[in-house]
Amino acid sequence: MSFAAIADAMSSGAIPLVVCLVVVMGALKKVPVYETFVDGAKEGFDVAVKIIPYLVAVLMAVGMVRAAGLLDVLARVLAPVLSFVGVPPEALPMALIRPLSGSGADGVMVELMVSQGVDSLPATTAAVMGGSTETTFYVLAVYFGSVGIQRIRHALWAGLCADLAGVLAASFFTRWLLFS
């Protein structure tokens, strides 16, 4: 049996195994598992209702930026600088959308894969960027907004610096490991 087949079998059984483990451990500790789950689901629903306005605002902003074509214009203008630091200019829209929206970034990445090819440097770099960066503005708007935190200045700069580091690292390691 190949390593890929073993890994596939293990990954298919991982989530059901974890769920069963949680139920068994809860039962052993005499925790009312089902009731606790339902209470958690109710709490999650309440949080979801609180964050809807923040989510709508972030998604609307992403849609406006993409529809206006600003990302493509910015990528063309910054192409010399991006090439100098090792970031494929075609991957800039991914780097800019990712801090705003995960689903928007996924859409940008798919468009890049269709236009450049799945195995191209820009598409591969964008895929690695997706795993190396965070949806910073989304996290700040949704999670901080849901608990009422209003002063986000330091968290914003820390998140954006981490995103920049993720973009640069994704570009460097993708080029180094896959395209050198």
Side-chain angles (χ1 to χ4, degrees), residues 1 3-68 71 91 93-114 118 123-167 169-170 173:
M1 186 176 264
F3 176 74
I6 294 170
D8 189 41
M10 288 175 57
S11 66
S12 296
I15 292 177
L17 180 65
V18 168
V19 170
C20 288
L21 243 151
V22 167
V23 170
V24 168
M25 291 300 293
L28 289 175
K29 293 186 177 199
K30 305 213 186 310
V31 173
V33 178
Y34 182 75
E35 291 81 4
T36 303
F37 172 79
V38 170
D39 289 342
K42 284 179 190 174
E43 227 175 275
F45 184 77
D46 291 341
V47 169
V49 168
K50 284 182 192 176
I51 66 174
I52 286 174
Y54 301 101
L55 183 61
V56 168
V58 168
L59 293 176
M60 186 184 79
V62 168
M64 287 172 41
V65 168
R66 287 187 71 202
L71 295 177
M94 174 67 174
L96 294 176
I97 287 290
R98 178 70 176 155
L100 296 169
S101 164
S103 59
D106 289 345
V108 168
M109 184 174 54
V110 168
E111 287 174 17
L112 193 57
M113 288 177 176
V114 168
V118 175
T124 306
T125 302
V128 176
M129 279 181 194
S132 304
T133 56
E134 182 56 78
T135 54
T136 302
F137 288 100
Y138 175 84
V139 167
L140 293 176
V142 171
Y143 296 114
F144 281 35
S146 70
V147 294
I149 295 173
Q150 294 177 349
R151 288 185 257 160
I152 62 168
R153 182 182 66 199
H154 299 298
L156 172 64
W157 286 109
L160 291 176
C161 287
D163 287 334
L164 178 62
V167 165
F173 285 108

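- Residues Val128 and Ala170 share a closest heavy-atom pair of CG1-CB, 3.6 Å.
- Taking every heavy atom of both residues into account, Pro32 and Thr36 meet most closely at O-OG1, 2.7 Å.
- At most 12 non-hydrogen atoms from other residues, nucleotides or ligands lie less than 6.0 angstrom from CD1 of Ile15.
- The shortest heavy-atom contact between Ala123 and Val118 is CB-O, 3.7 Å.
- Atom OG1 of Thr135 is separated from atom CG of Leu140 by 9.0 Å, given to the nearest 0.5 angstrom.
- Taking 4.5 Å as the limit, every side-chain heavy atom of Glu43 sits out of range of all side-chain heavy atoms of Asp39.
- Residues Met94 and Ala126 come closest through the heavy atom pair CE-O, 3.3 Å.
- Pairs engaging residues 94-111 under the side chain to side chain donor-acceptor pair (under 3.5 Å) rule: Arg66-Glu111, Arg98-Thr133, Ser101-Ser103 [sequence neighbours left out].
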Could you pull out all donor-acceptor pairs under 3.5 Å where a side-chain atom in residues 152-164 meets a protein atom, sequence neighbours excluded?
{"unit_1": "Asp163", "atom_1": "OD1", "unit_2": "Glu134", "atom_2": "N", "d": "3.0"}
{"unit_1": "Asp163", "atom_1": "OD2", "unit_2": "Thr136", "atom_2": "OG1", "d": "2.4"}

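- Residue Glu35 qualifies as enclosed at atom CD: its count of foreign heavy atoms under 6.0 Å is above 12.
- Across all non-hydrogen atoms, the minimal contact from Met129 to Ala91 is CE-CB, 3.9 Å.
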